[in-house]
Amino acid sequence: MPPASTDTSIGKAVSHSIGRLADFPDHKVVPAEVAGRTVGILRHGGEIYAFGNRCPHQGAPMCRSQAA
């Protein structure tokens, strides 16, 4: 899987390795650690989406950790 890219406040993209494509099942949000922060990774068909793990309305986490 290609590394995830994130925009920084100074306008430069930064890449992070988050795992193999097979680690992210289609239509399921999987939490991942990126630069010390938890993000939600969603695979939808051939596309990968990442979003912050904080609800913009209530401030609660949007992703649940997977139990071992």
Side-chain angles (χ1 to χ4, degrees):
M1 169 190 274
S5 293
T6 56
D7 290 326
T8 65
S9 60
I10 58 173
K12 295 182 181 179
V14 178
S15 296
H16 303 276
S17 179
I18 57 171
R20 301 172 301 134
L21 186 58
D23 295 335
F24 303 95
D26 206 21
H27 299 107
K28 181 177 179 185
V29 175
V30 177
E33 290 293 320
V34 176
R37 296 173 60 185
T38 302
V39 296
I41 306 296
L42 173 65
R43 178 177 171 187
H44 182 72
E47 301 291 326
I48 298 289
Y49 301 92
F51 54 90
N53 188 27
R54 183 158 305 279
C55 171
H57 302 99
Q58 299 293 323
M62 294 183 53
C63 301
R64 294 182 192 181
S65 297
Q66 296 178 353

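Since the model is a prediction, treat every value here as computed from it, not as a measurement. Every heavy atom of this structure was used, including side-chain atoms; hydrogens, water molecules and symmetry mates were not.
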Inset, instruction - Could you check if a side-chain atom of Pro31 sits within less than 4.5 angstrom of a side-chain atom of Val39, using non-hydrogen atoms only? - result: no
Inset, instruction - Check Ala32 against Ile41 and note the closest heavy-atom contact, atom names and distance. - result: CB-CG1, 3.8 Å
Inset, instruction - Taking side-chain hydrogen bond (donor to acceptor under 3.5 Å, both in side chains) as the test, write out the residues that go with Glu33, two or more places apart. - result: Thr38
Inset, instruction - For Arg43 and Ile48, indicate whether the former's side chain and the latter's backbone hold a donor-acceptor pair under 3.5 Å. - result: no
Legend entry - Of all pairs that satisfy ring-ring contact (aromatic ring centres under 6.0 Å, His included), the ones with a partner from residues 33-52, not counting sequence neighbours: His27-His44
Legend entry - Nearest atoms (heavy-atom pairs only) where Val30 meets Phe24: CB-CD2, 3.8 Å
